[in-house]
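Encoded as structure tokens, the structure appears first; notes follow it.
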Amino acid sequence: MTVPNPESPPAPPAPSDHTSHALLLDLDGVLLDTRPVMRKAWRKVQELHGVTLQFHDYEHHLGREFGDIMQRLGVTDAEAVRRTYEAESIAAAHLAQEFTGIVEVLHAFVAADWRLGVVTSKHVDRAAPLLARLRCPFATIRTPAGSGRTKPAPDPLLLALVDLEVDPAAAVYVGDMAVDQESAARAGVTYIHAEWGYGQPTAPAPETAASPKELLRLLRPAKQLVEGSWCDSPHD
């Protein structure tokens, strides 16, 4: 499916008294720096399964479901590799660190009556303990399940919005990989690229945030959002 190519990115929504708004976020590279965890898990895969591909080969495909990544890398016995990777990831979860300011930002959105959700390609066994560390009341957490389509398909985002009872036009998705951007475009959801994450955006250039704190600009009054870009004011 072709990604829509609007002439300019849509303006992120602003809260109002009548419409519920949602902030959806990716996990790896947006909420938590999990690179040390993933690197350690990949080393275990290399040791136990004789995989010669380097971590940067795996990292290039972050954002996709693990099985999808294995297929793209041409890794055989993918299920055995998955079991090793997931077990080591859970054991090394303590190495993950929340990004500076992200918890305060999340609670600011909760206080402003935004509905929060997580949409990640990380399976629930690995995602749940990491998200618990943030101590944030996420109203929905969408992880791969069964045979459902995963990012870059729009399905995970749309299902999260069904959970939240929020229209795509009133939602924002914050991601850090090209598959996040594509998934948001296909779902009709405003996308903001987290520059503190692991990947680069693709064309058409999306709105970006240099730090979690910059996401607070979404809470500016509607009048300001209509008159200019959400990130055009000086940095705090």
Side-chain angles (χ1 to χ4, degrees), residues 24-49 51-75 78 81-106 117-136 138 141-144 150-152 156 173-184 191-202 206 208-215:
L24 302 176
L25 307 104
D26 185 30
L27 195 164
D28 299 296
V30 174
L31 292 171
L32 292 154
D33 181 8
T34 56
R35 184 181 269 135
V37 179
M38 295 186 289
R39 193 184 299 276
K40 191 171 188 296
W42 192 251
R43 281 201 299 267
K44 181 63 70 172
V45 166
Q46 290 175 310
E47 294 170 6
L48 295 186
H49 300 278
V51 174
T52 59
L53 293 163
Q54 299 303 304
F55 177 70
H56 66 79
D57 297 310
Y58 174 82
E59 187 178 36
H60 177 72
H61 298 286
L62 289 181
R64 296 180 179 274
E65 194 275 329
F66 189 83
D68 185 6
I69 297 177
M70 294 301 97
Q71 184 176 31
R72 289 170 180 272
L73 293 176
V75 173
V81 170
R82 181 198 296 274
R83 289 192 294 271
T84 296
Y85 186 90
E86 292 189 345
E88 189 65 16
S89 294
I90 293 171
H94 63 282
L95 298 176
Q97 297 292 325
E98 64 192 46
F99 286 105
T100 301
I102 192 66
V103 171
E104 293 80 3
V105 167
L106 294 175
V118 175
V119 179
T120 176
S121 293
K122 187 184 292 294
H123 281 244
V124 65
D125 289 347
R126 290 185 286 138
L130 293 171
L131 292 173
R133 293 172 49 179
L134 297 174
R135 304 173 303 282
C136 181
F138 294 111
I141 299 172
R142 278 284 169 177
T143 63
T150 58
K151 295 185 295 184
Y173 184 47
V174 183
D176 69 319
M177 302 298 291
V179 292
D180 298 326
Q181 183 177 350
E182 181 179 347
S183 184
Y191 176 73
I192 295 176
H193 188 81
E195 291 185 342
W196 64 89
Y198 305 143
Q200 298 297 320
T202 59
T208 63
S211 69
K213 187 177 180 181
E214 285 197 2
L215 296 176

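If you're wondering where the values come from, they're calculated on a predicted model, not measured in any experiment.
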Exercise for review: Could you tell me whether a side-chain N or O of R72 sits under 3.5 Å from a main-chain N or O of R64, the two making a donor and an acceptor?
Suggested key: no
Check your understanding: Any sub-3.5 Å donor-acceptor pair from Y173's side-chain atoms to V119's backbone N or O?
Key -> yes
Review point. Got a second to check how far T84's OG1 is from K44's NZ, nearest 0.5 Å?
Key: 8.5 Å
Point to revise | Value rounded to 0.5 Å, distance of CG in L134 from CZ in F99 | key: 11.0 Å
**Study point:** NE2 (H60) with more than 12 external heavy atoms under 6.0 Å
**Key:** no
Revision key, fill the gap. d(I69 CD1, E59 CD) to nearest 0.5 Å is 10.5 Å
Practice item. Just say parallel, tilted or perpendicular for the rings of W42 and Y58, cut-offs at 30° and 60°. Key: parallel
**Study point:** Rounded distance [0.5 Å steps], OG1 in T120 versus CG in L31
**Key:** 9.0 Å
**Study point:** Q46 side chain vs L53 backbone, donor-acceptor pair below 3.5 Å
**Key:** yes
Practice item. Check for a donor-acceptor pair, side chain of Y191 on one end and backbone N or O of G175 on the other, with a separation under 3.5 Å. Key: yes
Exercise for review: Return yes if some donor-acceptor pair links the side-chain N/O of E88 with the main-chain N/O of E86 below 3.5 Å, else return no.
Suggested key: no
Review point. Step by step, would you call E214 with E195 a side chain to side chain contact (heavy atoms under 4.5 Å, CB included)?
Key: CA-CA 11 Å; E214 285 197 2; E195 291 185 342; over 6 Å; no
**Study point:** Member of D28, D33, D176 meeting the side chain to side chain donor-acceptor pair (under 3.5 Å) criterion with Y198
**Key:** D33
Review point. Between the main-chain N or O of A210 and the side-chain N or O of W196, is there a donor-acceptor pair closer than 3.5 Å?
Key: no
Check your understanding: Do side-chain atoms of S121 reach the backbone of G63 as a donor and acceptor pair under 3.5 angstrom?
Key -> yes
Check your understanding: Okay, side chain of E65, backbone of G67: is any donor-acceptor separation there less than 3.5 Å?
Key -> yes
Review point. Is the shortest heavy-atom distance from the side chain of K122 to the side chain of L130 under 4.5 Å?
Key: yes
Study note, to complete from the structure: Here the gap from D180 atom CG to L62 atom CG, rounded to the nearest 0.5 Å, amounts to 10.0 Å
Exercise for review: May I have the step-by-step check of side chain to side chain contact (heavy atoms under 4.5 Å, CB included) for R126 and V37, ending in yes or no?
Suggested key: CA-CA 11 Å; R126 290 185 286 138; V37 179; over 6 Å; no
Review point. Is there a donor-acceptor pair closer than 3.5 Å between any side-chain N or O of H193 and the backbone N or O of G199?
Key: yes
Check your understanding: Considering only heavy atoms from C-beta outward, does the side chain of R82 approach that of H123 to under 4.5 Å?
Key -> yes
Exercise for review: Please examine the side chains of V45 and V75, heavy atoms only from C-beta on, and report whether any two atoms are closer than 4.5 Å.
Suggested key: no
